[in-house]
Asks: 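Got a structure for you, written out below as structure tokens; questions coming shortly.
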Amino acid sequence: MSQQTIEQLKPQVKTAIVDLLYRLADDHLILGHRNSEWTGLGPILEADIAFSSMAQDKMGHALAFYRLLQQLGEPDPDTNAFLRSGDQYRCCSLVCLERGDWAQSVVRHFLFDEATRIRFEALEQSRYEPLAQVARKLRGELKYHTMHGQMNLDKLGDATEESHQRMQDALDRLFPHAMGVFEPTEWDETLAAEGIQPREAELCKTWRSQVADMCAESGLTMPDDVGPIYGGRAGKHPEDLKKLLDDMQKVYRLDPDSEW
Amino acid sequence: MPSDADQMIEQRTSDTDRVWTALENVKDPEIPLISVVELGVIPEVRIEDGRVTVRMCPTFAGCPALDVMREDIRKAILAEGFGAVQVDVVFDPPWSTDRITPEGRRKLKEFGLAPPAKCNGSVTGDMLDQVVCPYCDSDRTTLESIFGPTLCRAIHYCNSCRQSFEQFKPV
Ligand SMILES: [Zn+2]
């Protein structure tokens, strides 16, 4: 099958791609904002710099996806980021949750970035060429995030009894939310049939088996008898997102026309 | 006497040369020694009826210097007397540090940044662990942090000259 350009998209396929792009863009924007909450507060300088850099990267990745949306006739990136209400967001609950302790942020970053790596690897083959190009471009940048995530999982997984316990607790707490990254939508079949992206269940399976191995190597146990927490892809979010959006959108909403 | 067609081709070539020369004077705002051409972010320049279109591949997607670079490129070409300039940000080809020219790599070192190892699109831990110090050329160095003061830099320590130094990260 050949690649698809914007002009050739059937309406139903276009709707499916738009929905996928909102999920990707919103996940990156919200996690970027959460990562930035460590700026100036990281437990050591190196950690502070890492989370601030990753925040900036995630915002850049979100922007790349919002630009693809704009090409498909959706609003411009600023309008999308700053003028939508919570129920219009399509992010998963994992990225919405509050910053929590250091273990929560490190484990979230590890789980999310491994999920993103597996998704991007698949998207590099997407028949929707603009999306495949973005995935190929972001691969190298994401590599630093997954390296950082794995390094910290290794370091904190069995450093001390307390660090191990905090990491395991965070893993137990966050795992159902992390499975929610792969919440299937009504567009799952269309996207798979058109060669845009594999089914969510398929991506989730790959992710689970790789994450289980990495956890084991770090002395942690991946929970395997819990169910996923869904809702984010349908616009149902934890309270945490409302507070984040109030904070993030406050300045922009004062005067949307001002120049920065 | 040259034909009209020959003259047109000649004119077009010299216009293209002028654009590339202008681009060689547009520097990376974060590393003012190195030009956007040496950085490898300009895969293509097109000129049609006096309208210049420049394709530019972003280095790091979240790099705040991108907008500055884009505006600097536009101004530099307008200053050459072209009527209209458009700078398109494109992801194809995907930018990689492998696109930095040999001259660009030399200038990175001169600036005090260790040049990135060639990575063919996939970075490995070795490329970050085995970095030669840009100050004293020693390979007795230690990786301190894969994230640095800007998105494109990692931090290392040289055990020979006992200084911290930064590396332009391979991507
Ligand atoms: Zn040295």
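Lettering follows sequence order; numbering is per chain, from 1. As the structure is a computational prediction, the values presented were derived from the model and not from experiment.
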Asks: Could you point out which residue of K58(A), R90(A), R84(A) forms a salt bridge (charged side-chain N to carboxylate O under 4.0 Å, His left out) with D26(A)?
Replies: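 By the salt bridge (charged side-chain N to carboxylate O under 4.0 Å, His left out) criterion, D26(A) pairs with just one of K58(A), R90(A), R84(A): R84(A).
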Asks: Given side-chain contact (heavy atoms from CB on, under 4.5 Å), test C119(B) with S96(B) step by step and report yes or no.
Replies: CA-CA 8 Å; C119(B) 68; S96(B) 151; 4.3 Å; yes
Asks: Does one side chain, of H61(A) or D57(A), offer a donor that lies under 3.5 Å from an acceptor on the other?
Replies: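 There is no such pair between these side chains.
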Asks: Let's go through V251(A) and F82(A) carefully: what are the C-alpha distance in whole Å and the side-chain angles of both, what is the deciding distance for side-chain contact (heavy atoms from CB on, under 4.5 Å) to 0.1 Å, and is it a yes or a no?
Replies: CA-CA 9 Å; V251(A) 178; F82(A) 296 116; over 6 Å; no
Asks: For the backbone of L24(A) and the side chain of H28(A), can you confirm whether one donor and one acceptor N or O come within less than 3.5 Å of each other?
Replies: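 Confirmed, H28(A) side chain pairs with L24(A) backbone.
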Asks: So which part of L151(B) gets closer than 4.5 Å to some heavy atom of chain A, the side chain, the backbone, both or neither?
Replies: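 Answer is side chain: those atoms of L151(B) sit under 4.5 Å from chain A.
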Asks: Quick one: which of G140(A), S53(A), A64(A), A55(A) has the most heavy-atom pairs under 4.5 Å with chain B, could you say?
Replies: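 Ranked by heavy-atom pairs under 4.5 Å with chain B, first place is S53(A).
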Asks: Could you tell me which residues in residues 164-171 of chain B have at least one non-hydrogen atom under 4.5 Å from a non-hydrogen atom of chain A, sorted by residue number?
Replies: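 K169(B), P170(B), V171(B) fall under the 4.5 Å cut-off.
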Asks: Taking D48(A) for its side chain and L41(A) for its backbone only, find out whether a donor-acceptor pair lies under 3.5 Å.
Replies: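 It does hold such a pair.
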Asks: I need the residue from P58(B), A61(B), P94(B) with the largest number of non-hydrogen atom pairs under 4.5 Å to chain A.
Replies: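 If we count pairs closer than 4.5 Å to chain A, A61(B) comes out on top.
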Asks: Tell me, for P93(B) versus chain A, whether the close heavy atoms (under 4.5 Å) come from the side chain, the backbone, both or neither.
Replies: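 Interface part for P93(B): neither.
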Asks: Would you confirm whether R139(A), through its side chain, and E121(A), through its main-chain N or O, come within 3.5 Å as a donor-acceptor pair?
Replies: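 Judged by distance alone, no pair lies under 3.5 Å.
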Asks: Out of R67(A), M59(A), E46(A), K137(A), return the one with the most heavy atom pairs under 4.5 angstrom to chain B.
Replies: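 Result: the option with the highest number of such pairs is K137(A).
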Asks: Hey, are the side chains of D139(B) and Q130(B) touching, using non-hydrogen atoms and a 4.5 Å cut-off?
Replies: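 In short, these two side chains do not touch, never coming nearer than 4.5 Å.
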Asks: What verdict does the side-chain contact (heavy atoms from CB on, under 4.5 Å) test give for E144(B) and Y157(B), after you've listed the backbone C-alpha separation in whole Å, the side-chain angles of each residue and the deciding distance to 0.1 Å?
Replies: CA-CA 7 Å; E144(B) 300 261 279; Y157(B) 184 77; 3.8 Å; yes
Asks: With a 4.5 angstrom heavy-atom cut-off, could you sort out which part of T59(B) is near chain A: side chain, backbone, both or neither?
Replies: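 Looking at T59(B), just its backbone touches chain A.
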Asks: If you tally heavy-atom pairs under 4.5 Å against chain A, which of L66(B), L128(B), T97(B), V90(B) wins?
Replies: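 Looking at each of L66(B), L128(B), T97(B), V90(B) in turn, L128(B) comes out on top.
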